[in-house]
Amino acid sequence: MIRDLGDIYMVEGKKKRIVILGAGVTGLSAGIRYLDNGCDVTILEKADHAGGLARTVVRGDYRLDIGPHHLFSQNEAILQEMIDLFEKDELISFSRDAKIYFHDRFLDYPLTAKNVIFNMGLKHALFTSISVVWTSLLKLFTKKRREANFKEWATTNFGSYLYGIFFKPYTEQFWGVSCEELSLDCIPQTSKMSFAKTLKLIFLKKFEKESLSVAERETSLTLYYPIKGIGAIVEKLEKSFLSKGGKIKLSCDVSELITNKDGSFNIHFQYERETVVDDVNLVLSTIPISSLAQILRPLASPEIIQRANSLEYLSTIVLYIVIHERDVLDCAYLYMMDRPYNRISNTNRFHHKLCPEGENMLALELTCHFNDKTWNSSDEELFEKCIDYLESDNFISRNEVKQYLTVRIKNAYPFYRLNYKNNLTEIFKYFKNIPNLSLAGRIGAFKYMDIDQCLEDTSELVERHKKEGTI
Ligand SMILES: Cc1cc2nc3c(=O)[nH]c(=O)nc-3n(C[C@H](O)[C@H](O)[C@H](O)COP(=O)(O)OP(=O)(O)OC[C@H]3O[C@@H](n4cnc5c(N)ncnc54)[C@H](O)[C@@H]3O)c2cc1C
């Protein structure tokens with residue numbers, strides 16, 4: 001049965017009709033902002049729940065974040081906006097607490113020059129220093145040009161020694177491809193800054209105080225964590241969105257987004273076993289770009305579709321290992337190299353109520369590609385893949401494991417392959433020519449963003465629409 005909602009909305013009035021694809025942080029926060037500006041907003045979400053990447057999966061007495069998260073922002077207004085969503089006792093604060101595990105040593109995260117010199121061990125410190133000095137000398141005699149790939153960037157800024165022992169193993173393990181195949185954008189801007197600046201400052205014999213201050217700035221932001229897991233933020237956003245009159249249609253399958261000559265859209269979707277056709281004035285997409293290209297009518301050219309399909313996302317599996325309450329690591333996050341997992345988190349450092357009293361969980365993050373061997377491994381196979389390393393690193397022993405659980409996330413990270421930017425630029429050019437269609441969010445805009453940046457972007461987007469008179 002086909003239900004045509006178009007007429008109803010047209011009669012209902014002058015309110016701008018907005019459809020948002022995807023009910024993650026971006027979709028929900030944009031929805032709230034459009035509602036605050038008097039629009040009529042519906043979110044269409046493919047999954048049977050809202051929340052996207054910032055969700056906490058509840059399994060019995062265990063609260064499992066989709067990858068351990070915390071809230072933070074350099075933007076005070078956005079930070080306050082996040083804090084204001086919670087009651088005082090629902091949010092705890094702590095300072096950054098992360099380390100890198102490097103050949104049985106615990107180094108600061110982000111890596112600082114001081115740490116390389118004093119904590120990596122004499123051999124590594126010496127070779128790193130020689131290699132950085134050599135690289136700096138070479139740079140004096142070579143013409144400056146932008147590094148072409150991640151390997152070039154890392155070797156140019158840190159020397160080939162540190163690249164070989166640190167950057168290469170960590171990065172290749174994380175992304176699953178060689179550093180030559182990766183764009184520089186695969187490292188978040190903040191890490192680039194702190195790594196490069198702290199090391200360069202000290203090797204170029206500037207003051208250590210100055211180098212520390214860069215690292216300190218990185219680590220000085222207060223982190224917040226909702227005591228019921230990161231998913232509480234999307235629950236708050238969802239509640240606020242619904243209370244303002246927004247509508248969310250879960251388990252919704254959008255088949256066609258037809259662009260009309262007058263700049264409006266007809267959107268076709270399956271919802272509760274019905275095919276629904278809706279007329280809307282404006283569409284915001286936070287879903288994978290290839291999914292958007294598939295539903296858009298008229299269809300984009302084969303070239304654009306091919307470019308859209310070439311944009312990949314890295315997937316993640318989080319293996320939660322439940323043990324008796326014990327502070328296994330003296331930090332919240334531990335970054336790992338040469339292991340099947342890239343990062344271990346100690347969930348009791350986030351909040352002890354994420355699991356029953358007397359227990360703690362280690363969250364091991366394994367990046368992979370959708371449908372690859374790791375993705376298709378059973379929970380038991382994943383556990384077996386990791387437990388021997390945890391034992392040999394003396395973190396836990398097999399017989400103290402009470403149980404293990406996994407959460408799998410298909411589109412977790414935009415995959416910045418070398419040629420991604422060309423493809424993205426062409427795709428953006430194409431979408432820009434479609435009036436009243438916007439792309440936003442970590443997945444929708446193919447941008448490595450945190451929650452605060454999603455909120456910042458939706459704030460700017462809605463302000464822009466207001467100024468342009470689109471809403
Ligand atoms: C492991 C990990 C750790 C992180 N840690 C932090 C952290 O500590 N702090 C922080 O601030 N940020 C962190 N982030 C980033 C943060 O989770 C994201 O920035 C944010 O959740 C992205 O929200 P979004 O709405 O843009 O995208 P998403 O959450 O991906 O939302 C997109 C939504 O679209 C839906 N969808 C997909 N396809 C369709 C379709 N065809 N039709 C309809 N709906 C569809 C999806 O189901 C999803 O709900 C982390 C991310 C990961 C993966």
Side-chain angles (χ1 to χ4, degrees), residues 19-31 42-56 64-75 78-79 82 94 96-98 174 188 190 221 223-226 229-231 233-234 237-238 248-257 267-271 283-296 313-318 332-333 341-343 345 350 363-368 407-415 439-458 461:
V19 157
I20 298 174
L21 304 176
V25 170
T26 305
L28 291 166
S29 65
T42 302
I43 300 182
L44 306 181
E45 166 61 54
K46 192 174 187 173
D48 61 1
H49 50 260
L53 296 172
R55 207 161 65 89
T56 299
L64 315 175
D65 287 352
I66 294 213
H69 279 61
H70 47 247
L71 300 171
F72 61 97
S73 188
Q74 278 172 294
N75 178 327
I78 294 291
L79 182 64
M82 294 196 283
F94 54 100
R96 195 172 179 97
D97 186 12
F174 188 94
T190 46
L221 290 177
L223 310 182
Y224 294 88
Y225 188 72
I230 195 66
I233 190 164
V234 273
L237 289 171
E238 185 181 5
I248 304 181
K249 296 190 192 303
L250 300 174
S251 304
C252 179
D253 195 5
V254 182
S255 53
E256 285 189 334
L257 176 63
I267 186 158
H268 294 226
F269 54 90
Q270 291 284 327
Y271 180 61
V283 173
L284 172 65
S285 171
T286 74
I287 67 175
I289 291 177
S290 54
S291 308
L292 177 64
Q294 270 165 28
I295 58 172
L296 203 61
Y313 299 89
L314 199 65
S315 303
T316 285
I317 301 174
V318 189
Y333 293 114
Y341 36 89
N342 317 297
R343 190 164 71 163
S345 312
F350 288 72
L364 277 58
E365 290 168 70
L366 294 85
T367 40
C368 59
V407 285
R408 292 164 200 250
I409 314 113
K410 187 176 160 193
N411 298 315
Y413 298 88
F415 196 153
L439 274 55
R442 175 162 168 129
I443 300 306
F446 207 76
K447 218 156 91 182
Y448 198 125
M449 310 161 84
D450 285 321
I451 291 171
D452 62 317
Q453 294 164 312
C454 296
L455 295 178
E456 219 172 321
D457 271 19
T458 57
L461 178 76

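Starting from 1, each residue takes its place in the sequence as its number. As the structure lists them, so they are numbered: ligands from 1, and atoms in each ligand from 1.
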Consider ligand 1: state whether an atom of it lies below 4.0 angstrom from any non-hydrogen atom of [X].
X: Thr316; result: no
X: Val25; result: yes
X: Ile409; result: no

Of the listed options His69, Arg55, Glu365, closest to atom 4 (C) of ligand 1 (non-hydrogen atoms):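 The option holding the nearest heavy atom is His69.
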Selected option - heavy-atom contact closest to atom 9 (N) of ligand 1, from Lys410, His70, His49: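 Comparing heavy atoms across Lys410, His70, His49, the nearest one to atom 9 (N) of ligand 1 lies in His70.
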Test item: Thr56 side-chain N/O and Ile230 main-chain N/O as donor-acceptor pair under 3.5 Å: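 Checked: pair present.
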For [X], atoms of ligand 1 separated by under 4.0 Å from a heavy atom:
X: Leu44; answer: 43 (C), 44 (N)
X: Ala412; answer: 53 (C)
X: Tyr413; answer: 1 (C), 2 (C)

Could you tell me the residue and atom name of the protein heavy atom closest to [atom], and the distance to it rounded to 0.1 Å?
atom: atom 27 (O) of ligand 1; value: Ile443 CG1, 4.2 Å
atom: atom 29 (O) of ligand 1; value: Leu53 N, 2.8 Å
atom: atom 41 (N) of ligand 1; value: Ile287 CD1, 3.7 Å

